[in-house]
Amino acid sequence: TSTLSTGIIADEHPDFEAYLGAARYHWDNERLLEDANSLELGAEIPMTDALSLEAWFSTFEADSETSSNDLDGTRYTLGGLYHFSNETLRPFMSLGVGHLEFEDNSDNTHTEAAAYLGAGLKKYFDNNIILRGELLALKSFDHEVTDLGARIAIGYAFGRSVSKPV
């Protein structure tokens with residue numbers, strides 16, 4: 001008797017997923033900022049087979065296109081994911097809200113609230129490692145701007161029991 005292990009059975013869902021990644025953000029033209037790279041730290045908690053809650057912290061530097069004023073930025077987001085399958089290759093959509101903060105060379109701080117919508121794909125490996133890629137659109141509530149991003153992250157699924165093929 002042989003068993004083919006291609007999916008993630010309900011008992012194999014992780015209790016918690018932690019991510020370390022990088023992103024590239026293209027700022028809306030009205031911001032007058034050059035594109036920026038970001039360090040990304042994330043966590044995800046599955047609620048059901050299809051739904052998860054997620055939180056992300058991002059830190060980046062954004063250069064002004066019109067002056068020597070450089071901005072240090074941070075973003076905190078809280079949202080949810082809907083997974084379209086329970087296979088080891090899992091497409092998903094994400095939706096959430098966030099807080100964005102810019103600080104310039106003079107220690108002036110600008111904050112804004114935003115919503116984000118994303119689409120991505122996660123690949124689970126048998127050793128609990130996860131590779132995650134995602135495209136994001138971030139819409140500011142405070143300004144008429146929409147920023148775009150692409151994130152790639154590597155993660156670890158804590159509490160997931162991995163069944164080996166027999």
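Listed here is the closest heavy atom pair of Ala153 and Trp56: CB-CH2, 4.1 Å. The two residues Ser94 and Leu136 make their nearest non-hydrogen contact at OG-CD2, 4.1 Å. Of all non-hydrogen atoms in Leu33 and Ala62, the two that sit nearest each other are CD1-CB, 4.1 Å. For Leu121 against Pro91, the heavy-atom pair with the smallest separation is CD1-N, 3.5 Å.
Between the side chain of Ser106 and the backbone N or O of Asn108, no donor-acceptor pair lies under 3.5 Å. Distance alone, capped at 3.5 Å, is enough to place a donor-acceptor pair between the Ser38 side chain and the Thr59 backbone. Asp142 places a side-chain N or O within 3.5 Å of a backbone atom of Ala113 that can act as its donor or acceptor partner. A donor-acceptor pair under 3.5 Å is formed between the side chain of Asp28 and the backbone N or O of Thr146. Remark: the backbone N or O of Glu61 is not paired with any side-chain donor or acceptor of Asp72 at under 3.5 angstrom. Asn29 places no side-chain N or O within 3.5 Å of a backbone atom of Val145 that could act as its donor or acceptor partner.
Annotation: the span from Thr74 atom OG1 to Glu101 atom CD amounts to 4.5 Å, rounded to 0.5 Å. To the nearest 0.5 Å, the span separating CG on Asp147 from CG on Leu138 amounts to 6.0 Å. Between the CG atom in Leu71 and the CG atom in Asn105 there is a gap of 7.5 Å [rounded to 0.5 Å]. The structure places OG1 of Thr88 at 11.5 Å from CD1 of Ile130, a figure rounded to the nearest 0.5 Å. To the nearest 0.5 Å, the span separating CD1 on Ile152 from CG on Leu20 amounts to 11.5 Å. His99 NE2 to Arg75 CZ: the interatomic distance, rounded to the nearest 0.5 Å, is 11.0 Å.
Checked against side chain to side chain contact (heavy atoms under 4.5 Å, CB included), Leu78 has the following partners two or more places apart in sequence or in another chain: Ala55. Partners of Arg151 according to the salt bridge (Lys or Arg N to Asp or Glu O under 4.0 Å) rule, which considers only residues two or more places apart in sequence or in another chain, are Glu40, Glu134.
Side-chain N/O atoms of Ser140 and Glu112 include a donor and acceptor closer than 3.5 Å. Ser52 and Glu44 are linked by a side-chain donor-acceptor pair at a separation below 3.5 angstrom, with hydrogens and angles left out of the test.
Residues Leu117 and Tyr82 are members of one and the same hydrophobic cluster, defined by side-chain heavy-atom contacts under 4.5 angstrom among Ile, Leu, Val, Met, Phe, Trp and Tyr. Each of Tyr116 and Tyr76 belongs to its own hydrophobic cluster when Ile, Leu, Val, Met, Phe, Trp and Tyr are linked at side-chain heavy-atom distances under 4.5 angstrom. In the hydrophobic clustering of ILVMFWY residues, with side-chain heavy atoms under 4.5 Å counting as a link, Phe125 and Tyr156 come out together. Placement of Phe57 and Tyr19 in two distinct hydrophobic clusters is found when ILVMFWY residues are connected by side-chain heavy-atom separations under 4.5 Å, directly or transitively.
The cationic group of Arg90 does not satisfy the cation-pi geometry with Phe84, failing either the under 6.0 Å distance to the six-membered ring centre or the 45° limit from the ring axis. The cationic group of Arg31 does not satisfy the cation-pi geometry with Phe102, failing either the under 6.0 Å distance to the six-membered ring centre or the 45° limit from the ring axis.
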### Test log, rule side-chain contact (heavy atoms from CB on, under 4.5 Å), inputs Asp15 and Phe158
CA-CA 6 Å; Asp15 296 327; Phe158 293 91; 5.6 Å; no
### Task
Test side-chain contact (heavy atoms from CB on, under 4.5 Å) on Arg24 and Asp35 and set out the steps.
CA-CA 7 Å; Arg24 179 81 172 166; Asp35 294 351; 3.5 Å; yes
### Message
Go through it in stages, so that I can follow the logic: the residues are Arg132 and Tyr124, the test is side-chain contact (heavy atoms from CB on, under 4.5 Å), and I'd like the CA-CA distance, side-chain angles, deciding distance and then a yes or no.
### Response
CA-CA 9 Å; Arg132 174 180 169 153; Tyr124 288 82; over 6 Å; no
### Task
Could you please spell out the steps behind the side-chain contact (heavy atoms from CB on, under 4.5 Å) verdict for Ile129 and Ile154?
CA-CA 7 Å; Ile129 300 296; Ile154 190 159; 3.9 Å; yes
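Residue-environment remark: CE (Met93) exceeds the threshold of 12 foreign heavy atoms within 6.0 Å. Remark: Glu34 CD is packed, more than 12 non-hydrogen atoms of other residues, nucleotides or ligands lying under 6.0 Å away.
Through direct or relayed side-chain contacts under 4.5 Å between Ile, Leu, Val, Met, Phe, Trp and Tyr, Phe92 connects to Leu81.
When ring centroids are compared, Phe60 and Trp27 come within the 6.0 Å threshold.
The pair Glu17-Lys122 counts as a salt bridge, with a side-chain nitrogen and a carboxylate oxygen less than 4.0 angstrom apart.
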